[in-house]
Amino acid sequence: DRRGLESQRAHQATYDALTGMPNRALLEDRLRQACARLGRDDERVAVLFCDLDDFKDVNDRFDHAVGDRVLVEVGRRLRQVLRPADTVARYGGDEFVVVCERTGPAEAEEVAERIRATLAAPFPEVEGRGLGVSIGVADGCEPGVDADDLLLRADQAMYRVKHAGRAGD
């Protein structure tokens, strides 16, 4: 019983209760590990910071239960367009972060396009509308890249996209 309880607590500490995805703590740990590997065998890492556009409108128009179902579906769709080795986490609210190892800037932009496309597809929960998403991308390849700095750069890039016109429009 004790081992089961410890396992349950460990899972709760590292996974988002709503979506079942890794949470911020697990994401940050995996990003630190990826950054520690930089400098070996031409390793690279890309971070994509994704913020759903106008998600507050979903909660306001439909209600929070529908918003929760949409967030679960967003997580499912994100996992479908990523490689099994990539990490996607619910960072908080309507923000998701993707960590792609062995991925340079061009490949990271391809991942961002796949994310935009999958989220633009209709969501039955919101009358068949798709969602826009603003995505900021940062990458690192040099040893000593700080995981927190890489995450901050991706977050700042996402805000530049949002301020330029949501979803990069």
Side-chain angles (χ1 to χ4, degrees), residues 4-34 46-100 108-138 147-169:
L5 186 57
E6 288 172 1
S7 176
Q8 181 182 14
R9 284 186 182 151
H11 187 270
Q12 290 172 339
T14 54
Y15 286 86
D16 178 64
L18 176 65
T19 63
M21 302 171 76
N23 65 14
R24 181 185 298 207
L26 183 54
L27 169 90
E28 290 172 349
D29 181 63
R30 289 185 180 171
L31 181 55
R32 278 192 295 278
Q33 291 177 31
V47 176
L48 293 84
F49 203 109
C50 309
D51 184 82
L52 301 177
D53 295 335
D54 300 317
F55 190 74
K56 182 181 181 311
D57 293 344
V58 171
N59 285 327
D60 290 348
R61 183 168 176 211
F62 298 99
D63 75 32
H64 288 273
V66 170
D68 287 351
R69 288 194 302 274
V70 169
L71 291 172
V72 170
E73 176 63 12
V74 166
R76 188 190 70 73
R77 290 184 187 191
L78 290 176
R79 286 187 294 266
Q80 282 185 326
V81 299
L82 299 172
R83 300 172 301 189
D86 296 335
T87 296
V88 59
R90 181 171 177 216
Y91 199 68
D94 64 344
E95 296 176 327
F96 296 83
V97 176
V98 179
V99 175
C100 301
E109 285 302 326
E110 291 173 9
V111 172
E113 285 305 313
R114 289 196 311 265
I115 290 171
R116 285 185 196 97
T118 195
L119 297 183
F123 281 76
E125 298 87 352
V126 290
E127 299 174 348
R129 298 181 326 179
L131 298 177
V133 59
S134 296
I135 303 173
V137 179
D148 293 333
D149 180 59
L150 196 57
L151 188 58
L152 176 63
R153 286 193 287 135
D155 185 29
Q156 291 169 337
M158 181 274 297
Y159 275 104
R160 285 192 299 275
V161 168
K162 230 180 228 311
H163 290 299
R166 299 184 187 273
D169 298 335

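Throughout, residue positions are numbered sequentially from 1 according to the sequence presented.
With contacts defined as side-chain heavy-atom distances shorter than 4.5 Å, the pair V97/V47 qualifies. The shortest distance between side-chain heavy atoms of D94 and V70 does not fall below 4.5 Å. Contact of the T19 side chain with the V74 side chain is not registered, since no non-hydrogen atoms from C-beta on lie closer than 4.5 Å.
Listed by first and then second residue, the ring-ring contact (aromatic ring centres under 6.0 Å, His included) pairs that reach into residues 66-89 come to none, sequence neighbours excluded. Counting only residues at least two apart or on different chains, no ring-ring contact (aromatic ring centres under 6.0 Å, His included) pair has a member in residues 52-83. For residues 112-135, no pair satisfies ring-ring contact (aromatic ring centres under 6.0 Å, His included), with sequence neighbours left out. Residue pairs meeting the salt bridge (charged side-chain N to carboxylate O under 4.0 Å, His left out) criterion with at least one member in residues 152-161, sequence neighbours excluded, are D149-R153. Listed by first and then second residue, the salt bridge (charged side-chain N to carboxylate O under 4.0 Å, His left out) pairs involving residues 61-72 are R61-E127 (not counting sequence neighbours).
Under the side chain to side chain donor-acceptor pair (under 3.5 Å) criterion, R77 pairs with E73, sequence neighbours left out. By the side chain to side chain donor-acceptor pair (under 3.5 Å) test, D60 is found to be paired with K56, residues two or more places apart in sequence or in another chain being considered. For E113, the salt bridge (charged side-chain N to carboxylate O under 4.0 Å, His left out) test picks out R116, with sequence neighbours left out. Contacts of D148 classified as side chain to side chain contact (heavy atoms under 4.5 Å, CB included), with partners at least two apart in sequence or in another chain: D146. For Y91, the ring pair (Phe, Tyr, Trp, His ring centres under 6.0 Å) partners two or more places apart in sequence, or in a different chain, are F49. By the side chain to side chain donor-acceptor pair (under 3.5 Å) test, T118 is found to be paired with no residue, residues two or more places apart in sequence or in another chain being considered. Under the rule for a side chain to side chain donor-acceptor pair (under 3.5 Å), the partners of D29 that lie at least two apart in sequence or sit in another chain are Q33.
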Exercise. Any chance you could lay out the side-chain contact (heavy atoms from CB on, under 4.5 Å) test for V99 and R30, step after step, and finish with the verdict?
Key: CA-CA 8 Å; V99 175; R30 289 185 180 171; 5.9 Å; no
Practice problem: Kindly indicate, with the supporting measurements, whether the criterion side-chain contact (heavy atoms from CB on, under 4.5 Å) is fulfilled by L26 and M21. | Solution: CA-CA 10 Å; L26 183 54; M21 302 171 76; over 6 Å; no
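Between the side chains of D51 and S134, no donor N or O sits under 3.5 Å from an acceptor N or O.
Taking CG from N23 and CG from L18, the interatomic distance works out to 12.5 Å, rounded to the nearest 0.5 Å.
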